[in-house]
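Remember, it's 1-based here, ligands and their atoms both numbered in the order they're listed. Predicted model, so just to flag it, every value in this text is computed and none were measured.
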Amino acid sequence: MALSAPSAARPSPHHPLQVEHLGHRFDTTAVLSDVSLHVAANEIVAIVGPSGCGKTTLLRTCAGLLSPTSGFAHRADRAVGFVFQEPALLAWRRVAHNAALLSADQALVERLLSVSGLAEHRDKWPHQLSGGMKMRLSLVRTLAARPSLVLLDEPFGALDQITRHRLHDEFALLHTEQKFAALLVTHAIDEAVYLADRVVVMSQAPGRIVGEFAVPFSRARSASLRYSPEFGDLCGRIAHCLEAHA
Ligand SMILES: Nc1ncnc2c1ncn2[C@@H]1O[C@H](COP(=O)(O)OP(=O)(O)OP(=O)(O)O)[C@@H](O)[C@H]1O
Ligand SMILES: [Mg+2]
């Protein structure tokens, strides 16, 4: 297995995403507390944390859908893609039309449809797709817009393990092709370690960052990595951190 030294990217205003001392309250309830993190170009950062600790709220502030109560989330440009937990497809548009909704680059749409195994389903309606296919289509539609930053809220959460693992590899392939920055929220530690360059751990609400782990594996990852002792060891250390602050 190839190991590479993790490069500690320093925060810079040119990073696709920079979050500084961000806090949020809903009425009197503090949901996020003093969260600072950055995502460098081409970097995938995963966030894990207990249910209700503010992960979706953090993503919404990063997307500009919600103004934080304190601190800020700075996006370097406007090309931000958001993959919601529930694939929000247009029921009255066929697969190919949904895929092209946010993109003027038809060649890219076709390539993404092909890479994600959806080309042969291009004439179907969303209700004719399985859950995994809908999620792939949601990813394709977002990535076809060539975002420089992608925010993903548990995009693989509702899928069976085999489909999830297949989609992990498709996502990694698309990332290699497009080199976007990504902030990925997930409950699955193995998913975080398999996909990300760094894993950030959040505490129970009000959510704050209580741990950060560099993932030392080279980008070309394959299924066998999941069964290696190094992979298991890193997952174990992240789980320990998570449990200590839950
Ligand atoms: N619009 C809102 N108004 C009031 N409270 C909210 C709102 N949105 C979220 N909350 C509260 O903020 C807290 C954090 O919610 P959030 O959805 O960010 O958590 P989460 O970490 O994404 O949880 P999960 O892992 O279950 O998705 C919860 O207590 C939730 O009830
Ligand atoms: Mg959530």
Side-chain angles (χ1 to χ4, degrees), residues 17-39 44-75 80-89 131-132 134-139 141-142 147 149-161 163-165 167-168 171 181-196 198-213 215 235-246:
L17 179 67
Q18 191 166 0
V19 176
E20 292 292 344
H21 304 296
L22 188 146
H24 194 69
R25 292 178 167 274
F26 286 113
D27 298 323
T28 54
T29 308
V31 173
L32 292 168
S33 169
D34 198 25
V35 173
S36 296
L37 66 86
H38 61 277
V39 184
I44 301 178
V45 175
I47 297 182
V48 296
S51 182
C53 77
K55 302 180 297 297
T56 295
T57 304
L58 177 60
L59 276 197
R60 290 177 63 209
T61 61
C62 290
L65 298 172
L66 182 70
S67 294
T69 319
S70 57
F72 66 86
H74 172 77
R75 296 165 300 282
V80 179
F82 202 135
V83 178
F84 296 91
Q85 192 169 351
E86 292 295 323
L89 304 172
K134 286 180 190 166
M135 186 48 70
R136 275 183 272 163
L137 180 53
S138 183
L139 268 174
R141 185 179 59 185
T142 299
L149 171 67
V150 188
L151 306 167
L152 306 111
D153 197 355
E154 299 185 45
F156 312 109
L159 306 175
D160 71 88
Q161 181 162 306
T163 307
R164 203 165 70 232
H165 286 180
L167 273 187
H168 288 166
F171 179 77
L183 188 57
L184 165 73
V185 165
T186 175
H187 278 290
I189 293 173
D190 64 323
E191 177 172 292
V193 171
Y194 192 72
L195 290 177
R198 276 189 293 138
V199 180
V200 168
V201 179
M202 286 178 66
S203 70
Q204 191 55 269
R208 61 195 168 82
I209 293 178
V210 291
E212 187 175 322
F213 297 80
V215 178
C235 289
R237 287 191 288 125
I238 294 170
H240 190 261
C241 177
L242 197 52
E243 282 158 18
H245 295 92

**Q.** Residues that Ala205 engages under side-chain contact (heavy atoms from CB on, under 4.5 Å), provided they are two or more places apart
**A.** none
**Q.** Cut-off under 2.8 Å, centre the Mg ion (ligand 2), protein N/O/S atoms
**A.** Thr56 OG1
Q: Answer yes or no: is there a side-chain heavy-atom contact under 4.5 Å between Pro206 and Leu32?
A: no
Q. For atom 8 (N) of ligand 1, is the nearest protein heavy atom under 4.0 Å away?
A. yes
Q. With a cut-off of 4.0 Å, which atoms of ligand 1 are near a heavy atom of His187?
A. 25 (O)
Q: For atom 28 (C) of ligand 1, find the nearest protein heavy atom and state the residue, atom name and distance (0.1 Å precision).
A: Gly52 O, 4.0 Å
Q: Return a yes/no value for Lys55: is any of its N or O atoms, backbone included, closer than 3.5 angstrom to an N or O of ligand 1?
A: yes
Q) Do Val150 and Phe82 come close enough that some side-chain heavy atom pair is under 4.5 Å? A) no
Q: Would you check if there is a donor-acceptor pair between the side chains of Glu191 and Thr186 at a distance under 3.5 Å?
A: yes
(Q) Contact between Gln85 and Leu152 at the side-chain level, heavy atoms closer than 4.5 Å - yes or no? (A) no
Q: Examine the proximity of ligand 1 to Val31 and report which part, side chain or backbone, both or neither, has a heavy atom under 4.0 Å away.
A: side chain
Q | Heavy-atom check, side chain of Leu151 versus side chain of Val83, under 4.5 Å | A | no
(Q) So Ile189 and Phe213, do their side chains get closer than 4.5 Å, heavy atoms only? (A) no
Q) Should the pair Phe156 and His168 be assigned to parallel (<30°), tilted (30 to 60°) or perpendicular (>60°) ring geometry? A) perpendicular
Q) Where is the nearest protein heavy atom to atom 11 (C) of ligand 1: which residue, which atom, and how far? A) Phe26 CD1, 4.0 Å
(Q) Which residue and atom name correspond to the protein heavy atom nearest atom 16 (P) of ligand 1, and how close is it? (A) Thr57 OG1, 3.7 Å
Q) So which protein heavy atom does atom 26 (O) of ligand 1 come closest to, and at what separation? A) Ser51 OG, 2.5 Å
(Q) Within ligand 1, which atoms have a heavy atom of Glu154 less than 4.0 Å away? (A) 25 (O), 27 (O)
Q.
How far is atom 17 (O) of ligand 1 from the closest protein heavy atom, and which atom is that?
A. Thr56 CB, 3.6 Å
Q. If you measure only the distance, is there a donor-acceptor pair under 3.5 Å linking the side chains of His24 and Thr69?
A. yes
Q. Regarding Glu20 and His74, is there a side-chain donor-to-acceptor distance under 3.5 Å anywhere?
A. no
Q.
Less than 4.5 Å apart, side chain to side chain, heavy atoms only: is that true for Asp190 and His165?
A. yes
Q. N/O of Cys53 under 3.5 Å from N/O of ligand 1, yes or no?
A. yes
Q. Any luck finding a side-chain donor-acceptor pair between Gln204 and His245 under 3.5 Å?
A. no
(Q) Please confirm whether Gly54 approaches ligand 1 to less than 4.0 Å, judged on its heavy atoms. (A) yes
Q. Does atom 4 (C) of ligand 1 have a protein heavy-atom neighbour under 4.0 Å away?
A. yes
